[in-house]
Amino acid sequence: RAKEQGKNNYKVFHSGMNIQSYRTFIMQNELRKAIEREEFLLVYQPRIDIETGTIKSAEALIRWEHPSWGTILPSEFIPLAEETGQIVEIGEWVLKSACKQNKIWQDKGLAPIRIAVNFSAQQFLQKDLIDTIKNVLIDTAVSPNLLEIEITESVLMGNETTISNTLNQLRKIGIFISIDDFGTGYSSLSYLRRFPLNTLKIDKSFIRDISTTSSNSNLLISTIISLAHSLNMSVIAEGVETEEQLNTLRKLNCEEIQGYLFSPPVLPKEFEDFLIQSQDKIAFDEANNMMFT
Ligand code: C2E
Ligand code: MG
Ligand code: MG
Ligand code: MG
């Protein structure tokens, strides 16, 4: 088998001898060793509750620290891992690591937050998905309502019964589900009422277009938010970079924002500092309330 594979690789180098396919080949080989060599890490981006200004949740995002290539972003290696199927193993590593981290923060007595993890279609469609997730939650002793799974619209385009079953089971366990990059897929909107979804994440391309001059994009965002609310879903705006965007989103009743305006994704230690600050703010607000009651 190894010999056959070797022969295949030999063929790849000689018939499709271009830099791109060579690069892909090398990267996929390195990726296979990355978990074992502990080259992956997670960074966390806080999501801010617009009304209270506090952090109630975060998104975990993967980074690959290669010993000689440096940091590699997911946009570069996730597609390669999807191609080889390795995404399933990587996805499980992400899930475990995020839950472990969340338990560490809880054990330190910090205010509980929900951590959102991105799932690729392939990973979401694994037959043993529910068992895998349940086991991770049990092993790490994290409450299901502190876990959120982000999937994109395209994941929902498959077999309706299967997807619906999976989503219903996840919801029954208490796990939250959000739709990532909302508005960039080609899907019909009818799936929004067919599936049990908690949150819509408006894609950053819409947020970028927010302005005081062009009201068209604002109208679009306002429509998405109303739609979500009418279906009992909450809304997170992704890629919020300016005060102007924040103010517009506040006026349109968007619940949470995520973006460079508050913070890029950061290492656990820095995120912990945010959590402590955020907690101080809650304590401060509670103290204020007490003064007035
Ligand atoms: P995503 O899930 O939509 O994540 C949001 C991306 O936007 C992140 O890029 C984040 O760093 C970036 N971002 C956050 N705030 C801003 C902002 O204000 N402006 C701009 N321009 N960008 C902002 P990142 O970390 O490079 O991840 C890219 C994509 O890779 C993610 O998009 C997600 O689809 C995928 N990904 C990341 N981690 C994982 C993972 O663990 N598993 C899987 N399957 N996919 C992942
Ligand atoms: Mg995401
Ligand atoms: Mg997104
Ligand atoms: Mg995405």
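Remember, it's 1-based here, ligands and their atoms both numbered in the order they're listed. Only this structure's heavy atoms are used, side chains among them; waters, hydrogens and symmetry mates stay out.
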Determine whether Thr71 and Arg63 satisfy the following criterion, side-chain hydrogen bond (donor to acceptor under 3.5 Å, both in side chains), listing intermediate values before the conclusion. CA-CA 7 Å; Thr71 306; Arg63 297 292 180 264; over 6 Å; no
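Taking a 4.0 Å cut-off on heavy atoms, Gly239 registers as neighbouring ligand 1. Using a non-hydrogen distance threshold of 4.0 Å, Arg63 registers as a contact of ligand 1.
Shown in contact with Gly259 at under 4.0 Å from a heavy atom are these atoms of ligand 1, numbered in order with element: 15 (N), 18 (O). Heavy-atom contacts of Gln45 reach the following atoms of ligand 1: 14 (C), 15 (N) (cutoff under 4.0 Å). In the vicinity of Pro265, heavy-atom distances shorter than 4.0 Å reach the ligand 1 atoms 11 (O).
Residue Ile48 is not grouped with residue Ile236 when hydrophobic side chains (ILVMFWY) are merged at heavy-atom distances under 4.5 angstrom, including chains of intermediate members.
When the Mg ion (ligand 2) is compared with the N/O/S atoms of Asp180, atom OD2 turns out nearest. When the N, O or S atoms of Asp181 are ranked by distance to the Mg ion (ligand 3), OD1 comes first. For Glu59, the N, O or S atom closest to the Mg ion (ligand 2) goes by the atom name OE2. Glu150 contributes atom OE1 as its closest N/O/S atom to the Mg ion (ligand 2).
Looking at Gln123 next to ligand 1, no N or O pair under 3.5 Å apart turns up.
Put simply, the side chain of Asn102 never gets that close to the backbone of Ala98: no donor and acceptor are under 3.5 Å apart. Here the side chain of Glu82 pairs no donor or acceptor atom with the backbone of Ile87 at under 3.5 angstrom. At distances below 3.5 Å, at least one donor-acceptor pair connects side-chain atoms of Arg171 with backbone N or O atoms of Ile175.
Clustering of Ile, Leu, Val, Met, Phe, Trp and Tyr by side-chain heavy atoms under 4.5 Å joins Leu61 with Leu41, Val43, Leu267.
For atom 38 (N) of ligand 1, the choice among Val117, Leu95, Ile62 with the nearest heavy atom turns out to be Ile62. If you check each of Leu61, Thr152, Asn118 against atom 42 (N) of ligand 1, the one with the closest non-hydrogen atom is Asn118. Of the candidates Glu241, Arg208, Glu59, Gln258, it is Glu241 that places a heavy atom closest to atom 21 (N) of ligand 1.
Glu92 and Thr132 are not linked by any side-chain donor-acceptor pair at a separation below 3.5 angstrom, with hydrogens and angles left out of the test.
Listed by chain and residue number, Lys103 satisfy the side chain to side chain donor-acceptor pair (under 3.5 Å) test with Asp107 (two or more places apart in sequence, or in another chain).
Taking the centre of each ring, Trp69 and Phe77 stay at or above the 6.0 Å mark. The aromatic ring centroids of Phe274 and Tyr44 lie 6.0 Å or more from each other.
Checking Asn118 against the Mg ion (ligand 2), an N/O/S atom falls under the 2.8 Å cut-off.
At a heavy-atom cutoff of 4.0 Å, ligand 1 is contacted by the side chain of Asp181 but not by its backbone.
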